[in-house]
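Read the structure below first, then the notes.
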2 protein chains.
Amino acid sequence: MTAAANQNGRRATASRRLERAGIRDVAAAAGVSITTVSDALNGKGRLPDETRSRVREVAERLGYRPSAAARTLRTGRSGLIGLTVTTYGEEPFTFTEFAYFAEMARAATSAALGRGYALVVLPASSRHDVWSNIALDGTVVIDPPDQDPLVTELYRSGVPVVSDGKPGNCPVTAWVDNDHEAAVLNILEHLSEAGARRIGLLTGTSTDTYTRLSTEAYLAWCDRVGQEPVYEAYPAHDPAAGAVAADRLLARPDRPDAVYGLFDPNGTDLLAAARRYGLRVPDDLLLVCCSESDVYANTEPPITTLSLKPRRIGTTVVNLLIDAIEGVDAGTGTTAGRLFPPRYRTAGTGPPPGTLMPTELIVRASSQPRAPRTTVSPPRPPGEA
Amino acid sequence: MTAAANQNGRRATASRRLERAGIRDVAAAAGVSITTVSDALNGKGRLPDETRSRVREVAERLGYRPSAAARTLRTGRSGLIGLTVTTYGEEPFTFTEFAYFAEMARAATSAALGRGYALVVLPASSRHDVWSNIALDGTVVIDPPDQDPLVTELYRSGVPVVSDGKPGNCPVTAWVDNDHEAAVLNILEHLSEAGARRIGLLTGTSTDTYTRLSTEAYLAWCDRVGQEPVYEAYPAHDPAAGAVAADRLLARPDRPDAVYGLFDPNGTDLLAAARRYGLRVPDDLLLVCCSESDVYANTEPPITTLSLKPRRIGTTVVNLLIDAIEGVDAGTGTTAGRLFPPRYRTAGTGPPPGTLMPTELIVRASSQPRAPRTTVSPPRPPGEA
DNA sequence: CGTTCATGGAGAAACGTATCTCCGGCCTTC
DNA sequence: GAAGGCCGGAGATACGTTTCTCCATGAACG
């Protein structure tokens with residue numbers, strides 16, 4: 001009966017340690033071959049149900065757990081997805097610092113788990129050895145800068161890459177982004193209708209897509225309607241710099257009567273700056289900022305915010321990535337396909353497919369002059385302007 | 001020259017695909033053996049520097065990247081650490097929902113990366129196949145419930161487990177927690193000194209360590225000083241229930257003149273409830289809540305908070321875990337040790353080693369009668385940078 | 001009665017690395 | 001002049017799966 005012990009000669013020579021049971025042990029205990037065990041547990045092959053259940057029972061009894069490492073080595077699939085956020089400045093990473101990232105990451109994790117994948121968080125600035133030590137089936141990159149060497153290398157080594165934020169010059173498999181241009185135009189229009197005559201912008205100095213597209217849309221709008229641009233830029237990763245920039249913006253001689261702040265803390269920064277200058281919101285100053293935080297529902301006054309809907313973005317990004325990962329095998333043919341490495345190929349040339357997702361403007365008191373329901377009466381210009 | 005191609009017979013028979021270069025290819029190109037390549041790249045063995053650098057150069061030229069899966073299989077080490085948060089309720093996971101988790105996770109990720117490990121986020125409620133599909137060197141468990149089956153299984157299969165939150169009956173390798181008892185006593189004392197006669201508690205209905213220990217400390221204190229306990233409990237994972245409970249607490253006939261709220265949103269909840277009942281803070285009601293959010297520095301009035309210092313916890317937990325992981329091999333002997341599975345053994349019996357970490361009470365106006373001046377974060381003058 | 005087929009399953013070859021064992025030279029040393 | 005000792009490196013094995021290939025058996029069918 002237990003003659004099967006002779007089959008695995010190697011194990012017979014080694015003294016029996018208290019190792020975890022392997023597939024060989026299960027096969028021996030069940031009196032079948034390794035193949036049968038593998039097929040039974042993975043639901044493959046042609047086996048009568050009786051054999052299947054018997055093998056499963058034996059495996060359960062022995063506490064058998066397949067080795068993830070061996071499976072990964074054999075199948076070329078790890079079930080792991082990298083989630084990378086390009087780090088601003090020196091800090092390890094600004095993860096969860098802004099609500100956008102936190103929400104996006106949470107949604108991405110959920111979506112991945114729902115499809116049987118797990119997410120591993122890897123800052124782009126991590127030591128190279130950490131990256132190459134992990135078998136990744138694909139990677140989500142949040143807001144890659146132009147010519148990101150990390151993305152380029154990943155792509156070259158055959159790992160699918162989907163970016164959150166339209167990539168500049170990086171070759172990605174696909175990308176997802178908000179329609180920042182439409183969002184900014186919508187806000188500017190909203191503020192104009194609320195009576196704004198001179199709309200200012202609080203923006204960043206970094207070159208990521210979000211900052212760039214938003215600022216360009218603002219400048220283009222200014223050019224179109226004939227307003228002189230009024231904006232201040234600051235390094236968005238510096239939490240203290242935002243307050244300073246907000247102050248600068250409201251201290252200008254050509255002080256705007258409405259401001260859109262591109263970053264999450266801008267709302268409170270602008271509100272505080274307005275108080276310092278004795279400006280009432282919304283009477284003297286209309287305010288909108290981009291934020292996922294609901295604290296702006298309870299500020300005094302509540303502040304109109306633009307939500308980028310990070311949950312939707314995170315879910316979409318992960319689903320696109322997994323589609324690419326799993327689509328690889330489907331496209332490589334029938335028999336010899338298995339021999340091919342899981343290298344993603346772009347169909348011909350041309351830009352990678354991108355998806356634009358809408359944003360949502362949550363209108364609150366800060367952008368509604370006086371009566372919240374009628375916008376007919378234009379506000380009087382603040383001070384002398 | 002390229003006669004080395006004959007050595008790897010397997011590769012010679014298969015038609016040459018455009019696969020990624022393996023260690024064999026490097027060996028062939030450099031005219032050395034696989035062993036030499038491995039040693040040269042990993043800094044092991046005894047090789048002259050000339051050979052080392054030559055092999056490295058060839059590897060670089062071929063764009064060689066070692067297979068993480070193969071290395072993991074061979075060494076039994078993946079460089080991956082699981083980060084598990086027990087899910088409250090139905091939601092996928094409350095990660096990043098509370099600032100505590102977000103901060104703790106961020107610190108843990110940083111600490112892990114600093115030591116060459118990466119973190120993979122895995123809710124305790126994930127499908128079992130996701131868990132067993134990933135080779136984990138160890139796991140951090142946030143606040144495991146009593147008799148957590150997940151922890152038990154992990155521990156049994158030899159994976160080191162370190163928990164954030166003193167475990168009830170789970171066998172963990174080590175644990176870290178705040179000194180909740182001391183923290184609560186400190187708060188109660190602080191409130192008493194501020195003039196409180198009847199201190200109420202807003203607590204949770206769940207059985208996690210934090211809730212349990214804090215509540216018990218409160219009850220013990222009441223018993224000691226002879227005050228009748230005044231508390232309301234609600235399911236902490238329900239964001240709406242907190243406001244209701246806060247309202248209930250202040251509506252009681254034996255209304256407290258000071259309240260400590262165990263959860264992050266309790267501060268605003270209690271403040272809102274106080275307003276509804278026309279209670280002035282801190283004149284009629286002293287307020288403290290446990291929170292990592294700095295919004296309480298700007299509420300009206302600013303609210304005294306207890307910080308659990310999640311960054312410190314996250315860092316400590318990860319370092320303890322990695323110590324355990326890397327300590328395993330050190331303890332298994334010299335020669336035959338390599339054959340042993342990386343199974344962690346507790347030294348004898350007895351409880352697992354635990355570390356208590358201090359908390360920090362940030363005193364603001366809400367718990368100081370009269371004195372409106374805060375001791376932290378003084379207001380910034382308008383003109384200052 | 002011979003041929004085909006479907007069924008149930010076994011054997012063995014990978015996957016790509018790390019590492020244990022061993023071996024040939026050359027140099028020293030008595 | 002022979003016996004170690006060190007240097008530089010090659011061979012082979014094992015890590016634990018998945019999966020390709022192939023075989024034996026018996027039934028169906030002409």
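The chains referred to below are lettered A, B, ... by the order of the sequence lines, with proteins before strands, and numbering in each begins at 1.
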Choosing from [options], which nucleotide comes nearest the side chain of [X]?
X: A/Pro48; options: D/dT17, C/dG9, D/dG16; result: C/dG9
X: B/Val32; options: D/dA10, C/dG9, D/dT19; result: D/dA10
X: B/Leu47; options: C/dG16, D/dG9, D/dA10; result: D/dG9
X: A/Arg71; options: D/dT19, C/dG9, D/dT17; result: D/dT17

Using a heavy-atom cut-off of 4.0 Å across all strands, would you classify B/Ile34 as base, sugar-phosphate, or nothing?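 Counting heavy atoms under 4.0 Å across all strands, no contact is made by B/Ile34.
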Identify whether any heavy atom of A/Leu73 sits under 4.0 Å from a base atom; if not, whether one sits that close to sugar-phosphate; answer base, sugar-phosphate or nothing.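 Here A/Leu73 touches the bases of the nucleic acid.
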Rounded distance in Å - [atom1] ([X]) to [atom2] ([N]):
X: B/Asn42; N: C/dT17; atom1: CG; atom2: P; result: 10 Å
X: B/Leu41; N: C/dG16; atom1: CG; atom2: P; result: 16 Å
X: A/Arg46; N: D/dC20; atom1: CZ; atom2: C1'; result: 13 Å
X: A/Arg52; N: C/dG8; atom1: CZ; atom2: P; result: 10 Å
X: A/Asp25; N: D/dG16; atom1: CG; atom2: P; result: 9 Å
X: B/Arg77; N: C/dA18; atom1: CZ; atom2: C1'; result: 13 Å

With a 4.0 Å cut-off, would you call [X] and [Y] a salt bridge?
X: B/Arg61; Y: B/Glu57; value: no
X: A/Asp323; Y: A/Arg115; value: yes
X: B/Glu50; Y: B/Arg54; value: yes

Any side-chain N or O of [X] below 4.0 angstrom from OP1/OP2 of [N]?
X: B/Thr36; N: D/dA10; value: yes
X: B/Lys44; N: C/dT19; value: yes
X: A/Thr51; N: C/dG9; value: yes
X: A/Ser67; N: D/dG16; value: no

Residue mapping more 5' on DNA chain D - nearest nucleotide basis, A/Ile23 or B/Arg74: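 Taking each residue's closest nucleotide, the earlier one in sequence belongs to B/Arg74.
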Side chain A/Thr35 and base D/dT19 donor-acceptor under 3.5 Å: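 When only heavy-atom distances are counted, A/Thr35 does reach the base of D/dT19 through a donor-acceptor pair under 3.5 Å.
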4.5 Å side-chain heavy-atom contact, A/Thr84 and A/Leu150: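 Yes, at least one pair of side-chain atoms sits under 4.5 Å.
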Side chains of A/Tyr117 and A/Leu80, heavy atoms from C-beta outward: is any pair under 4.5 Å?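 When only atoms from C-beta onward are counted, A/Leu80 and A/Tyr117 do not touch, as no gap falls below 4.5 Å.
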Closest nucleotide of DNA chain C for A/Asp39 versus for B/Arg65: which of these residues is on the 5' side?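 Result: A/Asp39.
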